[in-house]
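Here is the structure we will look at.
Just so it is clear, the model here is predicted, and its values are computed rather than measured.
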There are 2 protein chains.
Amino acid sequence: MSPQLLKSLRRANHIIERLVEMEAASVSELAEEFDMPLSTMYEYVNTLENINYITKRSDGRYRVSSSFLEIGNQVLRNHNVYDVAEPEIRRLAEQTGEFAGLMIEEDRAGVLVSMKKGEKVKRLQVNRTYPGVKSRLNTTAYGKAILAQFSDEEIREVTDRYGLHPRTENTITEVDPLLEEIDRIREQGYALDDEECFNGMRGVGVSITSKGDDLLAGIAVYGPPNRFRDGPFLEEYPETVQEYADVIQGNLEY
Amino acid sequence: MSPQLLKSLRRANHIIERLVEMEAASVSELAEEFDMPLSTMYEYVNTLENINYITKRSDGRYRVSSSFLEIGNQVLRNHNVYDVAEPEIRRLAEQTGEFAGLMIEEDRAGVLVSMKKGEKVKRLQVNRTYPGVKSRLNTTAYGKAILAQFSDEEIREVTDRYGLHPRTENTITEVDPLLEEIDRIREQGYALDDEECFNGMRGVGVSITSKGDDLLAGIAVYGPPNRFRDGPFLEEYPETVQEYADVIQGNLEY
DNA sequence: GGCGGGATTCGATATTGTCGGAATACGTCT
DNA sequence: AGACGTATTCCGACAATATCGAATCCCGCC
């Protein structure tokens, strides 16, 4: 048993998580849900409301408040890659007309933090793609570009920790092929995603590092195979994305 | 003393808030900061890490994790106004070339949840304007449009609760003028912000309601006085914004 | 190899989170 | 109005658990 973890925090967290799923709930519903005495749940709810993590609607039910959004965005602002990359992501999306995004590494996983849709993008797997979503690094173009910055040793740690569960039939699910792929990425300087994360989505990604900030990130362009093939997919976009990465990288060091 | 509020949750919250400001900190720095025993701070930090609210960087220091961003955006997705309004905000920004945003009401304050910059927008008071920021309802165009949905009685409650502290020299700081202004808004159907929130920023806002969802929101266009004057400010934009609000309102009821 | 500072663990203690039950407020239906 | 059912708050007792000091570990540095 993990020694000394504050039980009330864990409980509070579970309540929040569940409440996100439930969208809204009354105190008694929550007490029911967690099979806790009403009075105890009241103390949690009151406290969570007091610190502004949840908010009471006019019908008396509670929902998770926008503080999470606020804090999340404040944290984003702390990463100076975000400030630097954000306008470039936008320009990249405009120039290519496709989807462009910025991912940062956190706990050896990828967090999508910024995204813009170009004019060619009809609509996205919106459900799956929003700021803050985490994904395994081996599944995406930015992710693989980030992975390529790790040593083989570290990569094995990552795969051991998170596994290599497939997301599509193209996902790389074995370590050795992954390491080969990573080697290729290291050589050519960019990573390709051939429908390995989403069906109908190909992508081109490049990594960005900031030593001083102890930070690892990646940018990528994504689009459908009918537009992402041959020249654009294999030459044009890799070059374009690399140029944007260079700009960002440059601006990072002032 | 507020009876029965869970102390550990409050403390955890303070730690998170402080850690956002500090960007990164070691356990001992935090213990110092809060003047708590090291061992106690360890338990907080370990627990917060365990529930993924903070994350340990490679240098051993901690920072607030992206979970907040993730949860925040999940919550956003729960509001169906967001889904409906988001594309319209984008189109509104494109059509006008100005800044367009969506605000929702929460705890009688305004939360900016979506924003797009049109091509004419050079750069914003970016520091002050990001998803999740709260502002008093009397200070903005969307805010005032939202306020106009409340009864005079309720408006007085709001001002009593949050006060009417000026943000610029144009901010309305007295209740009676505010109520007059709100009356005007109710009649004409839209709200104007003449540099009442930010110097150099005028805006036009309209409210959106969704009875079924017990929800109150507003959209607005913002821009500089040199482009926001006479016709556009007084006639064209109000009409445009109203049209977009109608579309959103319509889509809300399926 | 010894020294020092930070990180981490451990165990005793009392603080505080927990819980049942009582008391109160609120709304609805008859 | 009155009576019921539900939601919410209050209370006191108990035991779990958060807390804290001190001991231990770890690592870089002299």
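- Checking the phosphate oxygens (OP1, OP2) of C:dA7, a side-chain nitrogen or oxygen of B:Ser28 falls inside 4.0 Å.
- Atom pair B:Glu43:CD and C:dG17:C1' shows a separation of 15 Å (rounding to whole Å applied).
- Each of C:dG17, D:dC20, D:dT17 was ranked by its minimum atom distance to the side chain of A:Lys7; first place goes to D:dT17.
- Distance B:Leu38 CG to D:dA18 C1': 16 Å, rounded to the nearest Å.
- Nucleotide D:dT9 holds its C1' atom 18 Å from the OH atom of A:Tyr44, rounded to whole Å.
- In this structure, OH of B:Tyr42 is placed 15 Å from C1' of D:dC20, rounded to the nearest angstrom.
- The closest donor-acceptor contact from the side chain of B:Glu196 to the backbone of B:Asp193 lies at 3.5 Å or more, if one exists at all.
- Ion pairing between a basic and an acidic side chain is recognised when a charged N comes within 4.0 Å of a carboxylate O; A:Glu49 and A:Lys56 show no such pairing.
- For A:Val27, taking side-chain heavy atoms from C-beta onward, the closest of the listed nucleotides D:dG21, D:dT17, D:dT8 is D:dT8.
- Put simply, CE on B:Met41 is 14 Å from P on C:dT8, counting in whole angstrom units.
- The pair B:Arg184-B:Glu181 meets the salt-bridge criterion, since a charged nitrogen lies less than 4.0 angstrom from a carboxylate oxygen.
- Between A:Arg11 and the phosphate of C:dG17, there is no side-chain N or O to OP1/OP2 separation shorter than 4.0 Å.
- Here the side chain of B:Asn46 pairs no donor or acceptor atom with the backbone of A:Leu5 at under 3.5 angstrom.
- If you measure from atom CG of A:Asp59 to atom P of C:dC26, you get 17 Å, rounded to the nearest angstrom.
- A:Thr40 comes within 4.0 angstrom of a base, heavy atoms only.
- We find that CG of B:Leu9 is positioned 12 Å from C1' of C:dT16, with the value rounded to whole Å.
- When each of A:Tyr62 and A:Ser8 is assigned the nucleotide of DNA chain D bearing its nearest heavy atom, the one mapping closer to the 5' terminus is A:Tyr62.
- For A:Ser39 and C:dC19, the shortest distance from a side-chain N or O to OP1 or OP2 is not below 4.0 Å.
- Side-chain nitrogen and oxygen atoms of B:Lys56 include at least one within less than 4.0 Å of the OP1 or OP2 phosphate oxygen of C:dT8.
- Using a 4.0 Å heavy-atom distance criterion, B:Ser26 is classed as a sugar-phosphate-only contact.
- The residues B:Asp152 and B:Arg186 are annotated as salt-bridged, a charged nitrogen and a carboxylate oxygen being separated by less than 4.0 angstrom.
- When rounded to the nearest whole Å, the span between CD of B:Glu32 and P of C:dG6 equals 10 Å.
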